[in-house]
There are 4 protein chains.
Amino acid sequence: MRPAPERRRELLEVAAEVFAAQGYDATTVRRIADAAGLLAGSLYYHFDSKESMLDEILSGFLDDLWTRYDAVLATGLGPRETLEALVTASFREIDRHRAAVAIYQKESGQLRDQPRFGYLAEAQRRLERAWLRTLESGAASGDFRTDLDVRLTYRFVRDTVWVAASWYRPGGRHSPEETARQYLSMVLDGVALRDRHRRTNKE
Amino acid sequence: MRPAPERRRELLEVAAEVFAAQGYDATTVRRIADAAGLLAGSLYYHFDSKESMLDEILSGFLDDLWTRYDAVLATGLGPRETLEALVTASFREIDRHRAAVAIYQKESGQLRDQPRFGYLAEAQRRLERAWLRTLESGAASGDFRTDLDVRLTYRFVRDTVWVAASWYRPGGRHSPEETARQYLSMVLDGVALRDRHRRTNKE
Amino acid sequence: MRPAPERRRELLEVAAEVFAAQGYDATTVRRIADAAGLLAGSLYYHFDSKESMLDEILSGFLDDLWTRYDAVLATGLGPRETLEALVTASFREIDRHRAAVAIYQKESGQLRDQPRFGYLAEAQRRLERAWLRTLESGAASGDFRTDLDVRLTYRFVRDTVWVAASWYRPGGRHSPEETARQYLSMVLDGVALRDRHRRTNKE
Amino acid sequence: MRPAPERRRELLEVAAEVFAAQGYDATTVRRIADAAGLLAGSLYYHFDSKESMLDEILSGFLDDLWTRYDAVLATGLGPRETLEALVTASFREIDRHRAAVAIYQKESGQLRDQPRFGYLAEAQRRLERAWLRTLESGAASGDFRTDLDVRLTYRFVRDTVWVAASWYRPGGRHSPEETARQYLSMVLDGVALRDRHRRTNKE
DNA sequence: GATGAATGAGGATTCATTCAT
DNA sequence: TATGAATGAATCCTCATTCAT
């Protein structure tokens with residue numbers, strides 16, 4: 001009794017958009033149904049519950065994300081290149097799954113504790129491990145500064161990237177790659193102009 | 001209601017903590033009351049509504065924030081020093097009003113549109129103006145890089161700072177000033193180590 | 001513990017006014033307290049409950065009314081004079097207890113069934129008996145028409161009088177006696193102009 | 001909500017009955033639901049709120065009333081015939097909408113001031129205008145007495161008619177037309193018997 | 001696949017009332 | 001006498017969910 005997976009995908013897209021805009025709790029099933037052009041009760045032909053829609057949206061996003069991240073991490077790039085590749089992958093993900101990312105950002109804190117969403121905590125731990133490893137090996141290799149608290153740096157990079165989902169608009173002025181490039185430039189080199197030397201190089 | 005604004009403050013602090021932890025919508029009035037040690041109905045002796053508690057929490061935080069920001073902006077510091085002072089002020093604010101800041105971050109997007117919370121949109125505009133001016137004059141003065149989209153830089157700095165409220169713990173390892181210092185170091189100089197070697201690779 | 005009966009009377013007057021204006025159910029104890037210039041809880045020093053205020057207002061009015069009615073009925077007037085005297089007494093009562101009368105009109109229907117307000121049903125029965133007796137003996141004596149359903153006539157006269165409480169303003173253009181005179185004139189002689197003969201008599 | 005306005009009508013009828021019996025404020029939504037045989041929450045599938053049920057009941061009644069009144073007023077009858085027709089129409093309306101009329105009588109005073117029920121005040125003004133015009137032209141034409149305050153007469157007739165809703169029982173001893181006839185007889189000619197004897201006494 | 005109608009478990013809010021001070 | 005703070009029951013309303021058609 002799960003035919004027409006395209007319909008499900010359509011509906012999930014609508015739901016994700018509404019969840020992202022209004023917040024999960026503040027979103028009523030009826031609003032989703034309105035936006036999708038059917039009645040609230042009819043959604044239950046496609047989904048078990050409001051929660052299962054959320055579940056599907058979030059796990060779909062995380063599956064995609066891990067596919068990309070794992071690909072990057074499997075390549076065996078150096079720390080700096082890894083960081084650049086991960087950030088770029090993240091912005092591509094934001095471009096594809098903007099709504100899901102926004103939901104993840106806003107809700108995962110409260111969701112994490114529910115058994116059903118335990119995979120969110122799990123994902124967070126894996127993400128942290130991957131990033132920390134990258135940053136630490138970068139510090140060891142001389143790619144990254146060593147005078148910074150690695151955990152703080154991790155949070156800095158992480159937040160910097162994901163918060164973008166709250167304002168990024170797919171199809172806007174900058175492509176995900178271009179946005180990634182600018183972000184990386186800030187994260188890696190800072191916003192301050194350092195010295196004549198650097199200026200000269202740039203020009 | 002003259003002689004006991006302390007009670008209100010106590011209750012608001014409890015409410016802010018719960019709102020921050022569970023999200024405004026997911027928080028029931030009963031949970032706040034439980035946490036404060038009275039019955040749900042009794043809260044209405046002190047406050048008009050759940051919404052008015054939220055209102056008071058947010059506007060109290062913003063008032064405080066503007067007091068600090070205005071003090072900084074009135075000093076007439078140079079762009080870089082202004083940026084440093086604003087960031088430090090922000091972390092101090094996070095230290096004092098952690099819960100309020102977390103709520104602001106999570107909810108202001110949806111709240112902005114309600115007439116009652118119009119001041120949130122207003123505050124955001126004022127903040128953006130203040131930051132943009134600082135960044136632009138820093139670019140003109142040679143303090144900051146000129147090859148970055150100022151708007152992007154603004155968001156980068158803004159998000160970077162405020163998101164900290166979601167993990168910052170007052171009384172933790174780092175004081176707000178110390179946290180600010182590290183953050184500024186990252187924002188201004190980047191996380192990459194600058195040596196001849198890396199530069200060469202880039203070119 | 002029932003000192004200062006003047007204070008009670010003051011408060012009851014305020015309460016009656018508010019009950020009459022807003023309806024008993026829609027009136028909150030707090031509104032009465034506001035109007036009287038004290039706090040809601042303080043009313044409970046003077047009265048047992050909101051209901052007991054209502055009780056006191058209504059029974060006070062009915063006691064007064066019966067005093068007047070009994071005086072009229074004891075005089076042994078003829079039916080027409082009795083009717084005139086009762087109507088006049090009623091308008092005097094409206095003049096004195098406007099609020100109480102309005103409350104009585106609006107609420108007694110629902111109150112009647114509660115044991116505490118059983119005296120309202122009782123009073124209604126006594127009133128009906130007194131009026132019916134008067135109307136019937138008037139019909140027998142040739143004072144009143146005999147082609148009308150007495151019960152209908154009773155309701156007609158009764159409603160005609162008491163409904164006035166909803167718009168009558170003490171101290172207005174007409175004195176209670178003047179108002180009574182006009183009402184009586186309508187009730188007894190009708191609003192239609194009958195014939196030349198009558199016209200002549202009047203002039 | 002297209003295919004089942006009958007359900008709405010059923011429910012409104014039940015609600016009107018309960019409102020009339022208990023008073024609007026004293027009526028709980030649960031009581032209406034009980035009387036209608038469903039759960040309280042289910043009423044909200046059909047109506048926005050308790051208030052909107054009241055609204056629909058009252059405006060439905062007034063629409064009907066104006067249809068009848070306008071038909072009468074458009075006919076161009078003489079003042080006395082107009083008055084008779086209006087009164088008869090009113091009793092027919094009471095027969096059809098007894099509950100609504102009772103509610104209107106009891107609650108419109110407090111409702112009038114709320115913006116949502118502004119049409120009640122409006123209706124009252126229109127009613128007053130229609131009646132006053134009729135009474136005045138009747139006084140001018142010699143149909144009605146000229147020694148009475150027209151406003152008082154208006155109130156007399158109005159109250160006399162509408163208060164009947166509080167005791168009238170559809171399907172009772174008298175048809176609406178019969179009740180109207182008797183009422184008109186009293187209003188127009190009075191309850192006193194006019195003979196030489198009484199007249200002499202008076203003079 | 002979808003509708004229309006209902007369920008039932010809350011949730012915010014109101015309010016009469018109490019009571020220590 | 002009055003206040004300030006609280007209680008607790010009741011009320012209106014919302015909303016995810018169900019199910020016969």
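Quick caveat, the model's predicted, so the values are computed rather than measured. Letters A, B, ... mirror the listed sequences (proteins, then strands); counts begin at 1.
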Requested in this report: Could you tell me whether B:Thr28 contacts a base, only the sugar-phosphate backbone, or nothing, with contacts defined as non-hydrogen atoms closer than 4.0 Å?
Outcome: sugar-phosphate
Query raised in the report: Counting only side-chain N and O atoms of D:His46, is one of them less than 4.0 Å from OP1 or OP2 of E:dG4?
Result: no
Report task. Looking at every strand, decide which applies to C:Leu38 at a 4.0 Å heavy-atom threshold: base, sugar-phosphate, or nothing. Result -> sugar-phosphate
**Report entry** Distance in angstrom units between A:Glu51 CD and F:dC15 P, rounded
**Finding:** 17 Å
Report task. Whole angstrom is fine here: how far is it from CD1 in D:Ile32 over to C1' in F:dA10? Result -> 16 Å
Report task. Measure from CG on C:Asp25 to P on E:dT14 and round the result to the nearest Å. Result -> 17 Å
Query raised in the report: When the distance from CG of D:Leu43 to C1' of F:dC15 is rounded to whole Å, what number comes out?
Result: 15 Å
Query raised in the report: Are A:Tyr44 and F:dT17 close enough that a side-chain N or O sits under 4.0 Å from OP1 or OP2?
Result: yes
Query - Donor-acceptor contact present, side-chain B:Tyr119 to main-chain B:Leu62, <3.5 Å - result: no
**Report entry** Under 3.5 Å donor-acceptor, B:Ser42 side chain and B:Leu38 backbone
**Finding:** no
Requested in this report: Using the closest heavy atom to pick a nucleotide of DNA chain E for each, name whichever of C:Val29 or D:Arg7 lands nearer the 5' end.
Outcome: D:Arg7
Requested in this report: May I ask you to say what B:Ser52 touches in the nucleic acid, namely base, sugar-phosphate or nothing, with a heavy-atom cut-off under 4.0 Å?
Outcome: nothing
Query raised in the report: Nearest-Å distance, CZ (C:Phe47) to C1' (F:dT1)?
Result: 13 Å
Report task. Output the distance between atom OG (B:Ser166) and atom CD (A:Gln105), rounded to the nearest 0.5 Å. Result -> 8.5 Å
Requested in this report: Write down the distance between CG (D:Leu39) and C1' (F:dT17), rounded to a whole number of angstrom.
Outcome: 14 Å
Report summary line: Ranking C:Tyr24 and B:Lys50 by the position along DNA chain E of their nearest nucleotide, the one closer to 5' is B:Lys50
Query raised in the report: Less than 4.0 Å between a side-chain N and a carboxylate O, is that true for B:Arg116 and B:Asp55?
Result: yes
**Report entry** Nearest-nucleotide 5' precedence on DNA chain F, A:Thr27 against A:Ser42
**Finding:** A:Thr27
Query raised in the report: Among the nucleotides E:dT3, E:dT13, F:dT17, which one has an atom lying closest to any side-chain atom of B:Ala40?
Result: E:dT13
Query raised in the report: What is the distance, rounded to the nearest whole Å, between atom CZ of C:Arg31 and atom P of E:dA16?
Result: 12 Å
Query raised in the report: Got a donor-acceptor contact below 3.5 angstrom from the A:Lys106 side chain to the B:Glu107 backbone?
Result: no
Query raised in the report: Is there a Watson-Crick or G-U wobble partner for F:dT18 with both distances under 3.5 Å, and if so, which one is it?
Result: E:dA5
Query raised in the report: Nearest nucleotide by nearest heavy atom, which residue falls closer to the 5' end of DNA chain F, D:Asp48 or B:Gly41?
Result: B:Gly41
Report summary line: Between CG of D:Leu11 and P of E:dG4 the distance, given in whole Å, is 17 Å
Query - Under 4.0 angstrom between D:Tyr45 side-chain N/O and E:dA5 OP1 or OP2 - result: yes
